[in-house]
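Scroll down for the structure; my scribbles are underneath it.
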Amino acid sequence: MRREYDEEKLHSYIRDNHLENYMSADIFTISELLLFDKNDYLVQAGYPADYLCFLVNGEVIISSCSTNDKSTCISYCRQFTIIGEAASLWQMAPCRSVKALTRCTCIGINLTKHRQILLNDLLFLQNICQILTCKLNSENELSQTLSEPLEVRLSRFVLTYSVNQIFTFQLTNCADILNTSYRHLLRMLKCFCAMGVLEKARNCYVIVDRKRLEEIANGTLVIGNPQGGEPVS
């Protein structure tokens, strides 16, 4: 993490994302512009973060770690989201890590200096309660989908993050988010192409048959392997 001392850019990010509406306190005077490189941790499990962060640019993955050190994706976020409100704000050790998948820009509030201002701000606390409720609901939905076949999760992901029928999401990140191996992900994409659902193009996949992709996503079209293992390539 590093700080960028550009007051004009800081204020621009705050205004563009309407962050002043999140609290009664003057966010312009208590915030800083923070930059994170790819693979930097915004929050590490077990260690309260020093900053409450508003992610205004970039992508992060929220993951939990099991006893065998296997990392499981709990959530994936693009701008805009708040990071650190569930544990670090209250000086509690977080049980999940937040890692930058790309270069990220955050509006950060130093909790050592300004924690009491935030905890005494009724408007801020009301907004945090609403945000935590939304995050809890979305994470519950995600935990329920982890048992679903990869083809269902992947088809939903492609439908969600394609633009003009073109899917350009970085595949290594996609594999991490879907809690699968890169090799297994490539095999499934190859299967989709063989079915005529997707078409491989330069640095992207093109949705050729959106209707069938939607059928895979909602479970009405099942891709099966007679042996019950990974899909046939």
| Honestly curious: do Tyr51 and Phe124 fall in one hydrophobic cluster under the side-chain, below-4.5 Å linking rule? | no
Is a side-chain N or O of Asn179 found less than 3.5 angstrom from the main chain of Ala175, in a donor-acceptor match? no
When you check the gap from the basic side-chain N to the acidic O, do Lys9 and Glu4 get nearer than 4.0 Å? yes
Heavy atoms of Cys53 and Leu34 approach each other most closely as SG-CD1, 4.1 Å
For this output row, return yes or no: ring centroids of Tyr41 and Tyr47 closer than 6.0 angstrom.
-> no
One should read off an interatomic distance between Asp16 CG and Asn57 CG, to the nearest 0.5 angstrom, of 11.0 Å
Separation between CZ (Arg96) and OG (Ser63), nearest 0.5 Å, reads 9.5 Å
Paired with Asp176, the side-chain contact (heavy atoms from CB on, under 4.5 Å) test is passed by just one of Leu185, Ile61, Thr72, Leu171, namely Ile61
What one should report as the nearest heavy-atom pair of Pro94 and Pro48 is CD-N, 3.6 Å
Self-check item: Verdict with reasoning, Cys106 to Phe36, per side chain to side chain contact (heavy atoms under 4.5 Å, CB included)
Solution: CA-CA 8 Å; Cys106 294; Phe36 296 86; 3.9 Å; yes
d(Gln165 CD, Ile207 CD1) to nearest 0.5 Å is 5.0 Å
Rounded to the nearest 0.5 angstrom, the CG-OG1 distance for Leu35 and Thr105 is 5.0 Å
Minimal heavy-atom distance between Gly84 and Leu52, with the atoms involved, is C-CD1, 3.8 Å
Inset, instruction - Give me the ring orientation class for Tyr161 and Phe157: parallel if the planes are under 30° apart, tilted from 30 to 60°, perpendicular past 60°. - result: tilted
- Between the side chain of Asn17 and the main-chain N/O of Leu19, is any donor-acceptor distance below 3.5 Å? no
CD1 of Ile107 to CD1 of Ile82, rounded to nearest 0.5 Å, is 12.0 Å
Closest non-hydrogen contact found for Ala49 with Ser88 is N-OG, 2.8 Å
Item checked: Polar side-chain atom of Thr160 near backbone of Arg156 as donor-acceptor pair, under 3.5 Å -> yes
Check your understanding: Are the side chain of Ser181 and the backbone N or O of His184 linked by a donor-acceptor pair below 3.5 Å?
Key -> yes
inquiry  = If the threshold is 4.0 Å, N to carboxylate O, is there a salt bridge linking Arg153 and Glu148?
reply    = no
Ala100 and Asp37 have their tightest heavy-atom pair at CB-O, 3.5 Å
Does Phe192 have its ring centroid less than 6.0 Å away from the ring centroid of Tyr205?
no
The single option from Leu55, Ile131, Val98 that satisfies side-chain contact (heavy atoms from CB on, under 4.5 Å) with Thr81 is Leu55
Main-chain N/O of Met195 paired with Arg212 side-chain donor or acceptor, under 3.5 Å:
yes
- Check the side chains of Glu32 and Tyr5 for a donor-acceptor pair under 3.5 angstrom, ignoring hydrogens and angles. no
Worksheet entry | NZ/NE/NH1/NH2 to OD/OE distance under 4.0 Å, Arg103 and Asp40 | no
*asked:* Can you confirm if the aromatic rings of Tyr22 and Phe80 lie within a centre distance of less than 6.0 Å?
replied: yes
Heavy-atom donor-acceptor pair, Asn218 side chain to Thr220 backbone, under 3.5 Å: yes
Within the side chain of Thr102, is there an N or O that forms a donor-acceptor pair under 3.5 Å with the backbone of Glu59? yes
For Asp121 and Ser24 the tightest heavy-atom approach is OD2-N, 2.9 Å
